[in-house]
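Notes follow the structure.
Starting from 1, each residue takes its place in the sequence as its number.
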Amino acid sequence: MNRHSNGLTLAALVLAGLNMRPLLTSVSPLLGELRQAMNLSSLAASLLPAVPMVMMGAVALLSASLMQRVPLQRLLIAGLILLLLALAARGVIHDGQWLVVSALFAGLGVGVVQMAMPGLIRQRFAQRSAPVTGLWAGALMGGGGLGAALSPWLSAHFGWSLAITGWALPVLLAIVLWWIVRVPVAQSAESVPMPSLWRKPRAWSLALSFGLVNGGYATCVAWLPDAYHHLGWSALAGGSLLGVMILCQVAGALLMPLLARKADRRPQLIISLVCQLLGMCGFLFAPLLAPWLWAAIAGFGLGAAFPLAMVLALDHLPHPQAGTRLVAFMQGAGFIIAGCMPFIAGQLQALTHSFTSVWMMQGAVTVGLIVLNLRFHPHSYRRAFGQTE
């Protein structure tokens, strides 16, 4: 495998990652315009971030059978094509209900890509899977920041329709690049006996923690710009605030795992959760005092917790195949949980006509996460799954 081939694969990987979140972040800064142009109801606005997350989780839960039957690269390209069609269809949509339908199919496409990518990374970069996975996570979060920052500018210059449809173009580029890349087909590995994860409390604890952290991300992506729009900010300013938050998420995702070199991941996890709590408290008690600071602190914590949760799950089971199954379960159940969070937040806002209840909910959830993560001591790993190695 030559260096040029590796570089092309990394470029394709980064481009695919950049396309995973604009379907969410390109819409949230434009909710005010979409409500008027599409007659978007409060229920539909709440479903827009929730539906894709639930679809990502559903796909992850089905990943085992799919990955056994279809080559990973073919799955990845299929997911990108589905995402392309869903985003392109938004150009002819003028009703809020159909926008939610497009979000459903876009989330399905993203779920397929996210399901295939970890295995594909292991096939192509077996000796460097950890840093390449970090690069993938950074690209994923960075793409969300681009969607939040650029969509209001696109809407101001070219209209809201192009602002939510134009993100199909980089997806098309990613499809072309992955069509060129050649990834060797992995040889079938020996099956590893493992008890059902559905019956393991620790598997559900990890999924709950992962889901609530990603639910905090989804809630901020969905409602942070709108919260500041209600405080008098423009769509461009709200999108820029979300962009700063996601930029700091990228920093947290890249930097915090480098500090987690000991077997006990809890110190870094607690630091990331405390950062989230500080940011949510800032949005709650002093939203206009230092909004950029609150966004930066919360973003760093949200970004750091994502890869740490992945590493924590892999730590529980030493065999790579077993660890991958646990991560797939964690993401599957976790993304479904995460998808419920922005929906609940939207309904709270509609009921109370204030975002105070949203930030109170997020603060309470983060406190619960701190308590939950304190239970994940390394000495409990083997006992939780009955492992002997």
Side-chain angles (χ1 to χ4, degrees), residues 57 60-61 118 122 129-131 133-134 137 192-217 249 251-281 297-338 341 362-389:
L61 288 177
R122 285 192 299 275
S129 60
T133 301
V192 178
M194 187 174 151
S196 173
L197 295 174
W198 294 87
R199 300 179 181 179
K200 293 296 181 181
R202 177 56 59 90
W204 284 105
S205 296
L206 292 169
L208 179 62
S209 178
F210 182 83
L212 292 177
V213 166
N214 280 274
Y217 166 83
Q249 286 178 358
L254 295 175
L255 295 177
M256 189 62 81
L258 297 177
L259 303 176
R261 297 186 178 184
K262 295 183 179 181
D264 193 350
R265 313 293 183 181
R266 292 179 300 170
Q268 290 75 30
L269 280 165
I270 299 305
I271 290 172
S272 70
L273 291 170
V274 169
C275 287
Q276 294 176 41
L277 182 60
L278 289 175
M280 300 305 168
C281 287
I297 294 174
F300 184 87
L302 288 165
F306 181 84
L308 287 172
M310 306 283 280
V311 172
L312 177 67
L314 291 171
D315 286 345
H316 275 74
L317 295 169
H319 195 285
Q321 186 178 341
T324 300
R325 288 177 57 191
L326 177 58
V327 169
F329 177 86
M330 181 185 74
Q331 289 192 86
F335 275 126
I336 292 175
I337 294 170
M341 296 290 291
Q362 280 304 127
V365 166
T366 307
V367 171
L369 278 169
I370 292 173
V371 175
L372 176 61
N373 277 267
L374 287 172
R375 298 180 57 199
F376 298 143
H377 192 284
H379 292 165
S380 68
Y381 293 172
R382 294 179 182 178
R383 183 174 66 254
F385 290 98
Q387 298 295 303
T388 57
E389 11 179 325

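- The two residues Gly279 and Ala298 come nearest to each other via the heavy atoms CA-CB, 3.9 Å.
- Legend: residues meeting ring-ring contact (aromatic ring centres under 6.0 Å, His included) with Tyr217, ordered by chain and number and at least two apart, are absent.
- When all heavy atoms of Gly301 and Gln276 are compared, the pair lying nearest together is O-NE2, 3.2 Å.
- Ring-plane geometry between Trp204 and Phe329 is classed as perpendicular, the angle between the planes exceeding 60 degrees on a 0 to 90 degree scale with a lower cut at 30.
- The two atoms that bring Pro307 and Ala253 nearest to each other are CG-O, 3.7 Å, heavy atoms only.
- Side-chain atoms of Ser205 come within 3.5 Å of backbone N or O of Pro201 as a donor-acceptor pair.
- Phe376 meets the ring-ring contact (aromatic ring centres under 6.0 Å, His included) test with no other residue; sequence neighbours excluded.
- Proximity of a side-chain donor or acceptor of Arg266 to a complementary backbone N or O of Leu374 within less than 3.5 Å is detected.
- Closest approach of Ile370 and Leu277 over heavy atoms only: CD1-CD2, 4.5 Å.
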From CA spacing to verdict: side-chain contact (heavy atoms from CB on, under 4.5 Å), Leu61, Ile336
CA-CA 10 Å; Leu61 288 177; Ile336 292 175; 3.9 Å; yes
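- Atom CZ of Arg202 is separated from atom CE of Met330 by 13.0 Å, given to the nearest 0.5 angstrom.
- When side chains are defined from C-beta on, Val213 counts as touching Leu273, because their heavy atoms get closer than 4.5 Å.
- No donor-acceptor distance shorter than 3.5 angstrom exists from the side chain of Gln249 to the backbone of Leu302, with no hydrogens or angles considered.
- One finds the CZ atom of Phe335 at 5.0 Å from the CG atom of Asn214 (value rounded to the nearest 0.5 Å).
- Shown here for Ala309 and Leu269, the closest heavy-atom pair between the two residues is N-CD2, 4.5 Å.
- Not a single ring-ring contact (aromatic ring centres under 6.0 Å, His included) links Phe300 to another residue, sequence neighbours left out.
- Atoms CD and CG, on Gln268 and Leu308 in that order, are 6.5 Å from each other to the nearest 0.5 Å.
- Atom CZ in Phe210 sits 11.5 Å away from atom CG in Leu312 (nearest 0.5 Å).
- Minimum heavy-atom separation, Ala313 to Val327: CB-CG2, 4.0 Å.
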Give the intermediate values and the outcome of side-chain contact (heavy atoms from CB on, under 4.5 Å) for residues Met341 and Val365.
CA-CA 10 Å; Met341 296 290 291; Val365 166; 3.9 Å; yes
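- For the atom pair Leu206 CG and Gln331 CD, the distance stands at 12.0 Å (nearest 0.5 Å).
- To the nearest 0.5 Å, the span separating CG on Leu369 from CD on Gln362 amounts to 9.0 Å.
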